[in-house]
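If you're wondering where the values come from, they're calculated on a predicted model, not measured in any experiment. Note that these values count all heavy atoms, side chains included, but never hydrogens, waters or copies made by symmetry.
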Amino acid sequence: MSYENILVETQDKVGLIRLNRPKALNALSDALMSELGEALLAFDGDPDIGCIIITGSEKAFAAGADIVGMAGYSYMDVFKGEFITRNWETIRRVRKPVIAAVAGFALGGGCELAMMCDFIIAADTARFGQPEIKLGIVPGAGGTQRLPRAVSKAKAMEMALTGRMMDAEEAERAGLVSRVVAADRLMDEALAAARTITEMSQPVAMMVKDSINRAYESTLSDGMKYERALFYSCFATEDQKEGMKAFIEKRSPVFKNS
Ligand code: CAA
């Protein structure tokens with residue numbers, strides 16, 4: 001499959017997607033988001049892939065939705081065309097873990113895309129923001145919903161109301177990113193994390209992702225019930241037998257994803 005707006009490769013069992021519209025700082029055009037969705041679903045359906053990384057360039061993960069593309073849209077264009085929801089939600093259908101490796105700007109839809117991933121590893125050059133208010137719009141891909149859950153109401157309000165950017169250090173302190181690494185180590189660190197995940201039982205990794213995401217959609221007691229059902233179901237897998245046997249035999253487990 002060849003794409004015009006993204007670069008796709010595999011490294012061992014990791015699927016790597018690089019957003020690639022350098023002249024527009026990886027602005028997330030409709031075409032780019034469609035290609036991203038296709039590539040994500042292709043990796044998700046590939047049994048040889050255990051984890052996916054989305055990254056951008058040194059200067060920008062993505063500077064947001066494509067302002068040039070949407071500047072002339074009418075209400076009916078966005079309403080009837082299901083703008084944003086149509087192809088931005090595809091990532092939510094991906095069951096395998098997805099890591100965002102972010103350097104440079106992650107603004108507007110870029111910050112929202114990073115937050116749709118399962119966790120963010122940030123270069124020390126990363127800058128996050130929801131500056132849509134400066135364009136006369138509200139964030140449209142989860143900025144007002146995921147950001148307060150990630151960094152607190154106070155920070156989300158300030159960022160979305162003033163357009164202030166958060167640097168990598170503040171983003172880590174606030175809980176938006178799992179950790180910050182030197183910019184020249186970003187891909188090595190993201191790949192190392194992804195490779196670690198691919199060594200686990202793939203179905204169990206998918207269950208972990210599913211269960212943690214459930215925490216955002218349910219009450220604590222419903223979430224606990226959901227987790228318990230998944231926990232019990234692990235005992236029906238060969239991978240649970242192998243994982244515990246390997247521990248007792250003091251060796252590394254060899255999971256068969258079954
Ligand atoms: N859409 C389209 N083009 C964009 C873009 C975007 N979101 N962001 C940057 N570009 C383009 C610029 O127009 C410029 O193109 P030209 O060279 O043809 O003029 C090129 O990328 C380089 O950008 P700058 O010259 O502006 O670079 P800079 O280093 O001076 O500034 C920046 C970088 C601070 C990121 C600045 O480009 C910027 O503020 N970009 C817009 C950020 C933004 O408002 N994002 C939110 C978009 S709306 C949204 O995302 C809605 C949603 O919730 C889904």
Side-chain angles (χ1 to χ4, degrees), residues 33 36-37 40-41 43-45 50-54 79 82-100 102 106 108-122 128-130 132-133 137-161 166 170-179 193-194 196-197 200-237 239-240 243-244 255 257-258:
M33 291 309 292
L36 177 63
L40 283 166
L41 292 182
F43 279 142
D44 204 36
C51 187
I52 302 165
I53 297 175
I54 302 177
F79 178 75
E82 279 191 275
F83 183 50
I84 300 287
T85 20
R86 190 173 57 74
N87 54 12
W88 283 63
E89 299 272 307
T90 311
I91 191 167
R92 295 186 63 191
R93 289 163 51 197
V94 176
R95 298 175 71 201
K96 290 175 187 168
V98 182
I99 301 171
V102 175
C111 184
E112 291 166 318
L113 174 62
M115 289 191 290
M116 286 180 208
C117 296
D118 298 314
F119 62 93
I120 302 170
I121 298 181
F128 299 87
Q130 298 290 160
E132 287 90 338
I133 195 163
I137 55 171
V138 301
T144 64
Q145 302 304 305
R146 291 196 178 92
L147 193 60
R149 284 168 166 84
V151 303
S152 81
K153 176 186 162 190
K155 279 194 188 286
M157 280 285 189
E158 190 198 348
M159 287 168 73
L161 286 172
M166 191 183 253
E170 184 181 2
E172 185 183 25
R173 253 192 345 262
L176 180 60
V177 309
S178 65
R179 63 201 158 91
T196 301
I197 292 169
M200 308 300 171
S201 161
Q202 199 179 102
V204 174
M206 289 157 77
M207 287 186 215
V208 168
K209 167 172 175 159
D210 185 26
S211 196
I212 291 180
N213 281 333
R214 185 54 70 115
Y216 287 93
E217 311 282 350
S218 59
T219 61
L220 180 60
S221 56
D222 284 348
M224 290 300 295
K225 274 188 214 152
Y226 193 75
E227 181 191 82
R228 194 160 313 128
L230 287 173
F231 176 68
Y232 289 162
S233 70
C234 291
F235 288 79
T237 66
D239 287 345
Q240 173 266 329
M244 294 192 181
F255 293 121
N257 299 332
S258 57

Peer 1: Does any part of the side chain of Asp44, heavy atoms only, come nearer than 4.5 Å to the side chain of Arg93, both counted from C-beta?
Peer 2: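 No - every pair of side-chain heavy atoms lies 4.5 Å or more apart.
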Peer 1: Could you give me the CA-CA distance, side-chain angles and deciding distance for Arg146 and Glu112, then say whether side chain to side chain contact (heavy atoms under 4.5 Å, CB included) is met?
Peer 2: CA-CA 8 Å; Arg146 291 196 178 92; Glu112 291 166 318; 5.9 Å; no
Peer 1: Do Leu176 and Glu170 pass the side chain to side chain contact (heavy atoms under 4.5 Å, CB included) test, and can you show the C-alpha distance, the side-chain angles, and the key distance before you say yes or no?
Peer 2: CA-CA 9 Å; Leu176 180 60; Glu170 184 181 2; over 6 Å; no
Peer 1: Does some side-chain heavy atom of Val204 sit less than 4.5 Å from a side-chain heavy atom of Phe255?
Peer 2: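 Heavy-atom side-chain distance check fails, nothing below 4.5 Å.
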Peer 1: Measure the CD-CE distance between Glu172 and Met166 for me, rounded to the nearest 0.5 Å.
Peer 2: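 It comes to 12.0 Å.
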Peer 1: Does any non-hydrogen side-chain atom of Leu36 lie less than 4.5 Å from one of Thr90?
Peer 2: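 Contact flag for Thr90/Leu36 side chains = no.
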Peer 1: Yes or no on side chain to side chain contact (heavy atoms under 4.5 Å, CB included) for Phe128 and Val151, after CA distance, side-chain angles and deciding distance?
Peer 2: CA-CA 12 Å; Phe128 299 87; Val151 303; over 6 Å; no
Peer 1: To the nearest 0.5 Å, how far apart are CE in Met115 and CD in Gln130?
Peer 2: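 Answer for the CE-CD pair, Met115 versus Gln130, is 4.5 Å.
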Peer 1: CD/Glu89 to CE/Met33 distance, rounded to the nearest 0.5 angstrom?
Peer 2: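 Going from CD on Glu89 over to CE on Met33, the span is 9.5 Å.
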Peer 1: When rounded to the nearest 0.5 angstrom, what distance separates CD1 in Ile91 from CE in Met116?
Peer 2: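 Those atoms lie 7.0 Å apart.
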Peer 1: Do Ser201 and Thr237 make a side-chain contact, defined as non-hydrogen atoms from C-beta onward lying under 4.5 Å apart?
Peer 2: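 No; the side chains remain at least 4.5 Å from each other.
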Peer 1: Any chance you could measure Ile212, atom CD1, to Glu227, atom CD, to the nearest 0.5 Å?
Peer 2: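 Reported value, rounded in 0.5 Å steps: 9.0 Å.
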Peer 1: Test side chain to side chain contact (heavy atoms under 4.5 Å, CB included) on Ile54 and Leu40 and set out the steps.
Peer 2: CA-CA 9 Å; Ile54 302 177; Leu40 283 166; 4.1 Å; yes
Peer 1: Does Lys96 reach the side chain of Gln202, with side-chain heavy atoms less than 4.5 Å apart?
Peer 2: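 Of all side-chain heavy-atom pairs linking Gln202 with Lys96, at least one is under 4.5 Å.
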Peer 1: Which heavy atom of Gly50 sits nearest a heavy atom of Ile197, and at what distance?
Peer 2: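 Answer, listing the atom of Gly50 first, then Ile197: O-CG2, 4.1 Å.
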Peer 1: Can you tell me how far the CD atom of Gln240 sits from the OH atom of Tyr232, to the nearest 0.5 Å?
Peer 2: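 Answer rounded to 0.5 Å: 13.5 Å.
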Peer 1: Where do Ser233 and Leu230 come nearest, in terms of heavy atoms and distance?
Peer 2: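 Nearest heavy atoms, Ser233 then Leu230: OG-O, 2.7 Å.
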Peer 1: If you count the non-hydrogen atoms of other residues, nucleotides and ligands that lie under 6.0 Å from CZ in Phe235, is the total more than 12?
Peer 2: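 Above 12, so yes.
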Peer 1: If you take all heavy atoms of Gly143 and Pro148, which pair is closest and at what distance?
Peer 2: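 It is O-CD, 3.6 Å.
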Peer 1: I'd like to check Val138 versus Glu132 (side-chain heavy atoms, cut-off strictly below 4.5 Å). Are they in contact?
Peer 2: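 With C-beta onward as the side chain, the pair stays apart.
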Peer 1: Please report the closest heavy-atom contact between Ile121 and Ala193, naming both atoms and the distance.
Peer 2: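 So the minimum-distance heavy-atom pair works out to CD1-CB, 4.1 Å.
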Peer 1: Closest approach of Ile84 and Gly140, non-hydrogen atoms and distance?
Peer 2: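 The pair with the smallest heavy-atom distance is CG2-O, 3.2 Å.
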Peer 1: For the backbone of Arg214 and the side chain of Ser218, can you confirm whether one donor and one acceptor N or O come within less than 3.5 Å of each other?
Peer 2: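 The answer is yes, because a donor-acceptor pair under 3.5 Å joins these two groups.
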Peer 1: Do Val98 and Phe43 have side chains that approach each other closer than 4.5 Å (heavy atoms only, starting at C-beta)?
Peer 2: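 A side-chain contact is absent here, since even the closest heavy-atom pair is not under 4.5 Å.
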Peer 1: Got Ile99 and Cys117 here, is their nearest side-chain heavy-atom distance under 4.5 Å?
Peer 2: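 With C-beta onward as the side chain, the pair stays apart.
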Peer 1: Minimum heavy-atom separation for Gly129 and Cys111, please, with both atom names.
Peer 2: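 Reported closest heavy-atom pair: O-CB, 3.5 Å.
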